[in-house]
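A short worksheet on the structure shown next.
In the text below, chain A, chain B and the rest are named by the order of the sequence lines, each starting its count at 1. Because only heavy atoms are used, hydrogens play no part in the values below, and waters and symmetry mates are left out as well, while side chains stay in.
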Protein chains: 2
Amino acid sequence: MKISNAESVVMEALWRAAPRTAEEIAAEVAGPNGWTEATVKTLINRLLKKKAIAAEPEGRRYRYRPLAERAAYVRAESQGLLDRLFDGRLAPMVSHLSQARALSPEDVAELKRLIAEMDE
Amino acid sequence: MKISNAESVVMEALWRAAPRTAEEIAAEVAGPNGWTEATVKTLINRLLKKKAIAAEPEGRRYRYRPLAERAAYVRAESQGLLDRLFDGRLAPMVSHLSQARALSPEDVAELKRLIAEMDE
DNA sequence: CGAGGACGTTTACCCATGTAATCGATGCAG
DNA sequence: CTGCATCGATTACATGGGTAAACGTCCTCG
């Protein structure tokens, strides 16, 4: 099932560190997103329904862990965008993004390294 | 204002060629997406409301033309993804995508060229 | 033992979106 | 002139998502 935008914020938190309690998750994501703890709880529940995360009982409460893998999520999202906007071609995308936002020299160096690697 | 997924299909059609009538647009996008002409008309109207396109009268009907620029749309979309998933860093994104999907030699060559260009 | 709190669960509500049918005006074929 | 076909405009309706409060249950402190 599809993970929505707001939900993905919770997922990211869990991908960063898991398992965690609802309280811990909320502590991390509620403020920056202007959400109340109630909102975070709703998101957690929707993710449970979608089987994107699992709950393991710990005493009185639960700790949540991701079931969906970040790599798969990232791949689906970026591939979708790539296909929709750049006809699946990476080069035009890189071209576009590098124009739209200046790259740091480190970025350029890193890219160069990547390409060199691919070129074998 | 935000352009939704379905709406973006209409936008893409108009970016490809404009101005066009609703009928022409529908002819191009309805079938492949499994939409009726009515659906396309709704999308057109929503885009009008959002000021993403404009209508110019032509005899008894209208021809539509994009107001929003594709470049801006593409930039917003890809930048959003880049920020959300790759912390705004292009190199990790390229790395991820090139792993997830093998690049053609042309792509690699093109990328190499791009990087070389940036490096000045 | 009783009250307050901590948690997860349920319910709520509104807006955007996907999808489409219907309506109203208008121009054209007879 | 009149009825049919066309168009755009209006209305419809279900689902998903963002946002959150209310509820029920159990634990714990006094």
Query raised in the report: Taking only N and O in the side chain of B:Arg60, is any of them less than 4.0 Å away from OP1 or OP2 of D:dC7?
Result: no
Query - Whole angstrom value for the distance that separates P of D:dG8 from CD of B:Glu58 - result: 11 Å
Report task. To the nearest 0.5 angstrom, please state how far the CD atom of A:Glu23 sits from the CZ atom of A:Arg63. Result -> 10.5 Å
Report summary line: Per-nucleotide protein contact along nucleotides 9-21 of chain C, 5' to 3', at a 4.0 Å heavy-atom cut-off (B base, S sugar-phosphate only, - neither), is B--B----BBBBB
Requested in this report: Using the side-chain hydrogen bond (donor to acceptor under 3.5 Å, both in side chains) rule, collect all pairs that involve residues 46-57 of chain B, keeping only residues at least two apart or in two chains.
Outcome: B:Glu7-B:Lys50, B:Glu56-B:Arg65
Query - Salt bridge A:Lys2-A:Glu77, side-chain N to carboxylate O under 4.0 Å - result: yes
Requested in this report: Using atom CD of B:Glu24 as one end and atom P of D:dT6 as the other, report the distance to the nearest whole Å.
Outcome: 16 Å
**Report entry** Rounded distance (Å) that lies between atom P of D:dT6 and atom CD1 of B:Ile25
**Finding:** 19 Å
**Report entry** Between CG on residue B:Leu67 and CG on residue B:Leu48, distance to nearest 0.5 Å
**Finding:** 8.5 Å
Query raised in the report: Checking all strands, does B:Ala55 fall into the base, sugar-phosphate, or nothing category for heavy-atom contacts under 4.0 angstrom?
Result: nothing
Report task. Take the protein atom CZ of A:Arg61 and the nucleotide atom C1' of D:dT28, then report the distance between them rounded to whole Å. Result -> 13 Å
**Report entry** Spacing of CZ belonging to B:Arg113 relative to CD1 belonging to A:Ile115, to within rounding of 0.5 Å
**Finding:** 12.0 Å
Report summary line: Sequence neighbours excluded, the answer for salt bridge (charged side-chain N to carboxylate O under 4.0 Å, His left out) partners of B:Glu12 is B:Arg70
